[in-house]
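None of the values given here were measured: they were computed from a predicted structure.
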Amino acid sequence: MIQLLFLVLFAEGALAFLLLVKIGPLRELVIKSLDQLKMGKGPATVKTIAGTMFVILLSSLMSIVKIQNKGAKLGTMSPMDQVLWRTHLLEASLIGFTLFLGFIIDRMHHYLTKLIRLRSNAGSSKEEVEQLQKEKMQLKDKEEKASKELKRLQEEISTLSVNLKKLKSECEQKDKQIETADAHVIALQKQSADLLLEYDRLLEDNQNLQKQAQGYKS
């Protein structure tokens with residue numbers, strides 16, 4: 001029994017050391033092994049073994065107390081009782097250390113698993129942050145391009161507005177020139193009509209003079 005307890009205690013010490021110190025892939029291998037142990041019927045088996053060891057621990061403690069009480073009544077312990085007392089004390093100590101170390105290993109496994117999960121989440125969060133920063137930079141570039149394009153369009157609109165004002169002014173000038181030309185045409189038409197009337201009058205006067213001259217000749 002004591003040799004088995006020494007073996008179990010040595011194995012638990014080795015597991016605790018591998019969990020504390022990272023030696024290549026051994027820590028991950030131990031964590032995976034403990035994960036598999038906690039799946040299925042593993043936890044019930046471990047609890048059963050721990051319960052049995054705890055009962056043995058109580059039995060050893062009771063035996064120690066009985067031997068001590070017997071020695072107190074007799075005033076001294078026989079060599080046999082001393083051997084039994086030392087055996088039960090060693091057995092109780094080994095069982096106690098085994099249970100305590102098993103509890104420490106369980107807590108270390110729990111917190112290491114939680115730490116690995118948190119690191120994984122932190123890594124994912126870091127990747128998400130980097131992705132968001134990249135998207136932010138892309139949006140910033142697009143915003144700068146859109147701002148430049150908007151500025152260019154505003155300049156084009158301003159240029160077109162100036163050209164439109166120029167064309168409007170030129171159209172107004174053309175309209176005024178057309179109105180002036182129409183007035184000049186109307187004036188020329190009126191002047192032409194007056195000249196035609198004057199020509200008709202002079203032609204009539206000429207005919208009258210010719211008639212008068214023919215009358216004087218005859």
K.L.:
Kindly compute the distance separating OG (Ser93) from CD1 (Ile64), expressed to the nearest 0.5 Å.
P.N.:
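Here the rounded value is 7.0 Å.
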K.L.:
Just how far is it from atom CD of Glu28 to atom CD1 of Ile116, taken to the nearest 0.5 Å?
P.N.:
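Reported to 0.5 Å precision, the distance equals 6.5 Å.
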K.L.:
More than 12 heavy atoms of other residues, nucleotides or ligands under 6.0 Å from CD of Glu130: yes or no?
P.N.:
yes
K.L.:
Check residues 191-203 and write down every donor-acceptor pair under 3.5 Å in which the side-chain atom is one partner and the other belongs to a residue at least two apart or another chain.
P.N.:
{"residue": "Glu198", "atom": "OE1", "partner": "Arg201", "partner atom": "NE", "Å": "3.4"}
{"residue": "Glu198", "atom": "OE1", "partner": "Arg201", "partner atom": "NH2", "Å": "3.4"}
{"residue": "Glu198", "atom": "OE2", "partner": "Arg201", "partner atom": "NH2", "Å": "2.2"}
{"residue": "Arg201", "atom": "NH1", "partner": "Asp205", "partner atom": "OD2", "Å": "3.1"}

K.L.:
Report the distance from atom CZ of Arg152 to atom CD1 of Ile157, rounding to the nearest 0.5 Å.
P.N.:
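Separation between the atoms: 10.0 Å.
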K.L.:
Is it possible for you to say whether Leu90 and Leu99 belong to one hydrophobic cluster, with membership spreading through side-chain heavy-atom contacts below 4.5 Å?
P.N.:
yes
K.L.:
Any pair with a residue in residues 160-179 that passes side-chain hydrogen bond (donor to acceptor under 3.5 Å, both in side chains), sequence neighbours left out, goes on the list, sorted by first then second residue, please.
P.N.:
none
K.L.:
Would you check if the side chain of Ser59 reaches a backbone N or O of Val55 as a donor-acceptor pair within less than 3.5 Å?
P.N.:
no
K.L.:
Between Leu19 and Phe17, is there shared hydrophobic-cluster membership here, with clusters defined by ILVMFWY side-chain heavy atoms closer than 4.5 Å?
P.N.:
yes
K.L.:
For His109, is there any backbone N or O sitting under 3.5 Å from a side-chain donor or acceptor partner on Thr113?
P.N.:
yes
K.L.:
Using the side chain to side chain contact (heavy atoms under 4.5 Å, CB included) rule, pick out the option among Leu89, Ile95, Leu94 that qualifies with Glu91.
P.N.:
Ile95
K.L.:
Are Val8 and Leu101 connected in the hydrophobic side-chain network, where two residues link if heavy atoms are under 4.5 Å apart?
P.N.:
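No.
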K.L.:
Could you see if Leu57 belongs to whatever hydrophobic cluster contains Met62? Use Ile, Leu, Val, Met, Phe, Trp, Tyr and a side-chain cutoff under 4.5 Å.
P.N.:
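No; tracing contacts between hydrophobic side chains, which count when under 4.5 Å, never links both residues.
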K.L.:
So how far is it from Ser63 OG to Ile56 CD1, rounded to the nearest 0.5 Å?
P.N.:
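Going from the OG atom of Ser63 to the CD1 atom of Ile56 covers 11.5 Å.
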K.L.:
Give a yes or no on whether Glu149 atom CD has more than 12 heavy-atom contacts from other residues, nucleotides or ligands under 6.0 Å away.
P.N.:
yes
K.L.:
Distance-only, no hydrogens or angles: does the Ser158 side chain make a donor-acceptor pair with backbone N or O of Gln154 under 3.5 Å?
P.N.:
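No, because the side chain of Ser158 does not come within donor-acceptor range (under 3.5 Å) of the backbone of Gln154.
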K.L.:
Taking Asn208 for the side chain and Glu204 for the main chain, is one N or O donor matched with an acceptor at less than 3.5 Å?
P.N.:
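Side chain of Asn208 to backbone of Glu204, a donor-acceptor pair under 3.5 Å: yes, one is there.
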K.L.:
Are Phe97 and Ile49 connected into the same hydrophobic cluster when the rule is that any two of I, L, V, M, F, W, Y join if their side-chain heavy atoms are below 4.5 Å apart?
P.N.:
yes
